[in-house]
Amino acid sequence: MQTDHAESAYVSSIRALVMFLGFLFVMSLSHDAINREVENQTIRFLVTKSARSSIVIGKFLGIFLFWLICILCSFIVIGLFAKQIFVFDFLQIMCFIAYAVSLTILISLVIKKPSHTTFASILLGIALPVVGLWSVISTKFISEIIKYILPYYYIVKGGYYIIFPFFLSILMLLTALAIFQRRDL
């Protein structure tokens with residue numbers, strides 16, 4: 001069994017699906033992860049029993065583990081058909097998913113109404129892949145800035161650059177934690 005970065009039509013289709021529709025999938029399912037709890041005031045029960053940082057990290061881990069299992073099942077099926085293990089491609093997609101989940105958590109904390117996050121998540125789920133891919137191929141000044149913020153540049157660059165979206169997701173989670181610590185519930 002091969003464990004290196006081998007190209008396969010199966011993996012390419014999963015990668016394309018996640019790269020083009022990943023933000024839309026993650027954001028449309030999880031857009032109100034925290035602000036729904038705040039609006040329904042169920043967050044008050046959570047805050048009395050656990051730390052605010054535990055709530056944000058728990059929401060992140062719950063959403064991330066859901067997507068990890070979904071992608072892992074896909075890669076197991078692909079591995080059975082292709083008779084190969086695509087570890088690098090799996091890690092690449094999971095770093096992308098970590099970025100999308102962190103952004104979703106951050107948006108859920110910044111935008112207070114769940115109905116507004118529904119609109120924002122659909123809009124961003126469609127716009128981010130377009131802007132991200134445009135920033136990779138464009139040479140305009142604004143695209144030079146955007147390409148380092150979104151994960152597409154690092155995914156296209158390949159190699160060990162795929163870890164950068166994960167670092168960006170940690171940065172977004174830390175920002176979300178800082179916002180949540182200061183918020184009145």
Side-chain angles (χ1 to χ4, degrees), residues 14 17-76 90-132 135 145-155 162-185:
I14 290 284
L17 185 68
V18 170
M19 296 302 149
F20 292 118
L21 299 174
F23 278 115
L24 188 62
F25 290 161
V26 171
M27 289 180 159
S28 64
L29 289 177
S30 309
H31 65 88
D32 59 352
I34 294 178
N35 61 8
R36 175 78 61 193
E37 302 269 354
V38 172
E39 184 179 67
N40 293 340
Q41 296 184 351
T42 55
I43 196 78
R44 293 177 187 223
F45 299 117
L46 294 174
V47 170
T48 59
K49 300 292 182 189
S50 60
R52 290 179 181 217
S53 59
S54 298
I55 294 169
V56 172
I57 293 170
K59 291 285 187 180
F60 171 80
L61 288 175
I63 297 167
F64 182 76
L65 288 175
F66 168 78
W67 288 106
L68 177 98
I69 291 170
C70 291
I71 300 296
L72 183 64
C73 289
S74 299
F75 269 82
I76 288 171
F90 177 75
L91 292 175
Q92 183 181 37
I93 289 174
M94 292 317 301
C95 286
F96 182 88
I97 293 292
Y99 182 95
V101 172
S102 296
L103 182 62
T104 303
I105 295 288
L106 183 61
I107 289 171
S108 181
L109 279 165
V110 171
I111 301 174
K112 295 185 184 209
K113 293 192 176 256
S115 60
H116 294 165
T117 55
T118 303
F119 176 73
S121 67
I122 292 170
L123 184 67
L124 287 172
I126 294 169
L128 286 177
V130 173
V131 171
S135 70
I145 296 169
I146 292 173
K147 79 177 179 183
Y148 295 115
I149 297 170
L150 294 176
Y152 294 98
Y153 170 74
Y154 305 110
I155 301 297
I162 66 161
I163 197 85
F164 282 100
F166 186 73
F167 290 136
L168 290 172
S169 71
I170 291 171
L171 184 65
M172 283 188 284
L173 271 180
L174 291 173
T175 305
L177 284 169
I179 291 170
F180 196 52
Q181 292 292 341
R182 294 185 183 140
R183 179 179 280 183
D184 287 334
L185 302 175

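Since this is a predicted model, take the numbers as computed values, not measurements.
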(request) Not counting sequence neighbours, which residues clear ring pair (Phe, Tyr, Trp, His ring centres under 6.0 Å) with Tyr152? List them please. (result) Phe96
(request) Using a 4.5 Å cut-off on heavy atoms from C-beta on, say whether the side chain of Tyr153 contacts that of Ile146. (result) no
(request) State the CD1-CD distance between Ile14 and Gln92, to the nearest 0.5 angstrom. (result) 13.0 Å
(request) Using side-chain contact (heavy atoms from CB on, under 4.5 Å) as the criterion, list what pairs up with Leu171, not counting sequence neighbours. (result) none
(request) Considering non-hydrogen atoms only, spot the tightest contact between Leu173 and Ser102 and give its length. (result) CG-OG, 3.7 Å
(request) Check whether any side-chain heavy atom of Ile97 lies under 4.5 Å from a side-chain heavy atom of Val26, and answer yes or no. (result) yes
(request) Answer yes or no: is there a side-chain heavy-atom contact under 4.5 Å between Val38 and Lys112? (result) no
(request) Kindly give the heavy-atom pair with the smallest separation between Ser30 and Thr104, and that separation in Å. (result) O-CG2, 3.2 Å
(message) For Leu124, give me all partners under side-chain contact (heavy atoms from CB on, under 4.5 Å), at least two apart in sequence or on another chain.
(response) Met27, Ile107, Leu128
(message) Holding to side-chain contact (heavy atoms from CB on, under 4.5 Å), I want the full list of residues that pass it with Ile69, two or more places apart in sequence or in another chain.
(response) Cys73
(request) Test Ile105 against Val56 for side-chain contact (heavy atoms from CB on, under 4.5 Å), laying out the working first. (result) CA-CA 8 Å; Ile105 295 288; Val56 172; 4.0 Å; yes
(request) To the nearest 0.5 Å, tell me how far Leu17 CG sits from Ile93 CD1. (result) 9.0 Å
(message) Going by the rule ring pair (Phe, Tyr, Trp, His ring centres under 6.0 Å), which residues pair with Phe166 if we only count those two or more places apart in sequence or in a different chain?
(response) none
(request) Measure the CZ-CD1 distance between Phe90 and Ile71 for me, rounded to the nearest 0.5 Å. (result) 7.5 Å
(request) Mind telling me whether Tyr148 and Tyr154 have parallel, tilted or perpendicular rings, with 30° and 60° as the class edges? (result) tilted
(message) How close do Leu177 and Ser53 get, counting heavy atoms only, and between which atoms?
(response) CD2-CA, 3.3 Å
(request) Kindly indicate, with the supporting measurements, whether the criterion side-chain contact (heavy atoms from CB on, under 4.5 Å) is fulfilled by Phe180 and Leu106. (result) CA-CA 9 Å; Phe180 196 52; Leu106 183 61; over 6 Å; no
(message) Thr42: which residues meet the side chain to side chain donor-acceptor pair (under 3.5 Å) condition with it, sequence neighbours left out?
(response) Glu37
(request) Please report the closest heavy-atom contact between Ile111 and Ala120, naming both atoms and the distance. (result) CD1-CB, 3.8 Å
(message) If I take atom CD1 from residue Ile163 and atom CG from residue Leu91, how far apart are they, to the nearest 0.5 angstrom?
(response) 8.0 Å
(message) Quick check against the 3.5 Å criterion: does Arg36 have a side-chain atom that pairs as donor or acceptor with the backbone of Pro114?
(response) no
(message) Can you list everything that forms a ring pair (Phe, Tyr, Trp, His ring centres under 6.0 Å) with Phe119? Sequence neighbours excluded, please.
(response) none
(request) Any chance you could lay out the side-chain contact (heavy atoms from CB on, under 4.5 Å) test for Asp32 and Asn35, step after step, and finish with the verdict? (result) CA-CA 5 Å; Asp32 59 352; Asn35 61 8; 3.2 Å; yes
(message) Strictly by ring-ring contact (aromatic ring centres under 6.0 Å, His included), give each pair with a member in residues 36-60 just once, sequence neighbours left out.
(response) Phe60-Phe64
(request) Compare every heavy atom of Met19 with every heavy atom of Pro129, then report the nearest pair and how far apart it is. (result) CB-O, 3.9 Å
(message) Return the CG to SG distance between Leu65 and Cys70, rounded to the nearest 0.5 Å.
(response) 11.0 Å
(request) Please name all residues satisfying side-chain contact (heavy atoms from CB on, under 4.5 Å) with Lys113, sequence neighbours left out, ordered by chain then number. (result) Ser115, His116
(message) Would the distance check show the side chain of Ser28 and the main-chain N or O of Phe25 forming a donor-acceptor pair, the cut-off being under 3.5 Å?
(response) yes
(request) Supply the atom-to-atom distance Leu24 CG to Leu29 CG, rounded to the nearest 0.5 angstrom. (result) 9.0 Å
